[in-house]
Amino acid sequence: MGVGTSKSVKPRWVRYKDMGGPMFRGSKEHVYLPSKPWGVWTQIMGVVARCEGKHDTVVMYDETGVTFGFLQWTFKSGRLQNLLQFLKGIPSINDPAQSGFDVYCTDGGCQIFEEYGFSIKGGRFIYDDRVLNPVNKKQQKLIVDVCMGRLSRLSPPAQRELALSLCNLFAVLGRQSEVKDAVVEFAKVEFRRAMDYRRPPLKHVGGT
């Protein structure tokens, strides 16, 4: 059964510059507290989490589609799609025949995201049977508009409620212990992948 049946967390609508959208800061009892001794990974992720967010933090007011979790993965960048795909490969503790994605992101054989007009398949954002590529600026905007309810046939007030409901869905998802463990494992993969990255030297800025 999906998280859609779980208790609501009551996100609020906020304004940011000339934009606006839902936000849930994350509950105090769900701060980043690793359940396993991951050594240096624990230390790195703990520091980042204190600056970025908690496991159930969700931000949608800054045109990212959905920004989720303690490392703030977004649909706009494509990283949240990858995180959800990773969850498909993590067996559920209570039912190893199912993945964490099956348990928390599906309900009655359908993805809970379909209620909002999209689905996640193969780490891709699917809308209207189209694969939306976040590298493409126009398709990136489509991803954001889908999440904000702008492409639905609902009236503007109902579109706002749709966006708030999607924010609530991800906040509740972030409270599940299995999801939190899977998110940490995914973060470890991301960190390892980034170890070979070399940032270009910063250009000299003023002064002598």
Side-chain angles (χ1 to χ4, degrees), residues 3 8-28 30-32 44-84 112-113 115-120 123-128 130-175 183 186-187 190 194 197 199-200 202-207:
V3 297
S8 295
V9 295
K10 295 184 179 178
R12 60 192 180 95
W13 192 275
V14 299
R15 298 296 303 175
Y16 175 71
K17 297 182 179 180
D18 59 344
M19 301 174 286
M23 179 188 71
F24 183 72
R25 288 189 178 277
S27 50
K28 292 181 180 180
H30 290 89
V31 296
Y32 175 70
I44 293 172
M45 288 186 278
V47 170
V48 175
R50 285 192 291 274
C51 298
E52 291 293 330
K54 304 175 180 71
H55 278 283
D56 55 348
T57 294
V58 184
V59 173
M60 295 174 62
Y61 58 75
D62 54 356
E63 296 296 291
T64 60
V66 173
T67 301
F68 170 70
F70 75 100
L71 290 186
Q72 298 288 272
W73 290 276
T74 70
F75 274 142
K76 186 175 182 178
S77 69
R79 293 171 67 234
L80 182 50
Q81 292 91 308
N82 291 333
L83 170 59
L84 292 171
I112 53 179
F113 309 118
E115 181 180 346
Y116 303 91
F118 68 94
S119 61
I120 302 298
R124 303 293 183 87
F125 191 104
I126 311 296
Y127 166 71
D128 196 22
R130 295 176 57 193
V131 176
L132 299 186
N133 184 354
V135 174
N136 181 297
K137 293 297 182 181
K138 289 184 178 180
Q139 294 183 25
Q140 186 183 78
K141 185 178 185 308
L142 275 178
I143 291 174
V144 175
D145 288 345
V146 169
C147 294
M148 294 299 293
R150 297 170 188 151
L151 299 183
S152 73
R153 295 185 176 88
L154 303 172
S155 62
Q159 291 175 20
R160 179 167 170 157
E161 291 305 313
L162 185 147
L164 283 163
S165 177
L166 182 59
C167 179
N168 173 79
L169 185 150
F170 272 97
V172 175
L173 180 66
R175 292 182 165 201
V183 165
F186 179 72
E190 281 205 324
Y197 176 76
R199 179 174 179 171
L202 295 175
K203 295 182 179 179
H204 179 70
V205 182

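These numbers come from the heavy atoms of this one structure, side chains and all, not from hydrogens, waters or symmetry mates.
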side-chain contact (heavy atoms from CB on, under 4.5 Å) evaluation trace for Q72 with T57: CA-CA 8 Å; Q72 298 288 272; T57 294; 3.6 Å; yes
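- Atom-to-atom distance recorded for N136:CG and L142:CG is 8.5 Å, nearest 0.5 angstrom.
- Only one option out of F170, F113, F125 pairs with C147 in a side chain to side chain contact (heavy atoms under 4.5 Å, CB included); it is F125.
- When atom types are taken as modelled, the side chain of Q159 and the backbone of L154 share a donor-acceptor pair closer than 3.5 angstrom.
- Side-chain contact between F70 and H55 is present, with at least one heavy-atom pair separated by less than 4.5 Å.
- Applying the side chain to side chain donor-acceptor pair (under 3.5 Å) rule to pairs touching residues 144-157 yields E63-R150, K141-D145, D145-R150, sequence neighbours excluded.
- Shown here for C167 and M60, the closest heavy-atom pair between the two residues is CB-SD, 3.6 Å.
- Between atom CD1 of residue I143 and atom NZ of residue K76 there is a gap of 10.0 Å, rounded to the nearest 0.5 Å.
- Between the D128 side chain and the R130 main chain, no donor and acceptor come within less than 3.5 Å of each other.
- Closest heavy-atom contact between Y127 and G117: CD1-O, 3.2 Å.
- Considering R175, R25, K10 as possible partners of D56, the one that fulfils the salt bridge (Lys or Arg N to Asp or Glu O under 4.0 Å) test is R175.
- Scanning all heavy atoms of the two residues, the minimum distance from A171 to F24 falls at CB-CD2, 3.7 Å.
- At distances below 3.5 Å, not a single donor-acceptor pair connects side-chain atoms of E52 with backbone N or O atoms of L71.
- For the pair S165 (side chain) and L162 (backbone), a donor-acceptor distance under 3.5 Å is absent.
- Within the 3.5 Å criterion, the main-chain N or O of G123 finds no donor-acceptor partner in the side chain of Q81.
- Side-chain contact check for N82 versus F186: some heavy-atom pair is nearer than 4.5 Å.
- Only one option out of R160, E161, M148 pairs with P22 in a side chain to side chain contact (heavy atoms under 4.5 Å, CB included); it is M148.
- Expressed to the nearest 0.5 Å, how far OH of Y16 lies from CE of M23 amounts to 12.5 Å.
- Using a 30° and 60° split on the angle between ring planes, Y116 and F118 fall in the tilted class, from 30° to 60°.
- Separation of atoms CG (L173) and CD1 (I112) is listed at 6.5 Å; rounding is to 0.5 Å.
- Note that the CZ atom of F68 and the CG atom of L166 stand 11.0 Å from one another [nearest 0.5 Å].
- Side chain of T74 to backbone of V66: no donor-acceptor contact under 3.5 angstrom is found.
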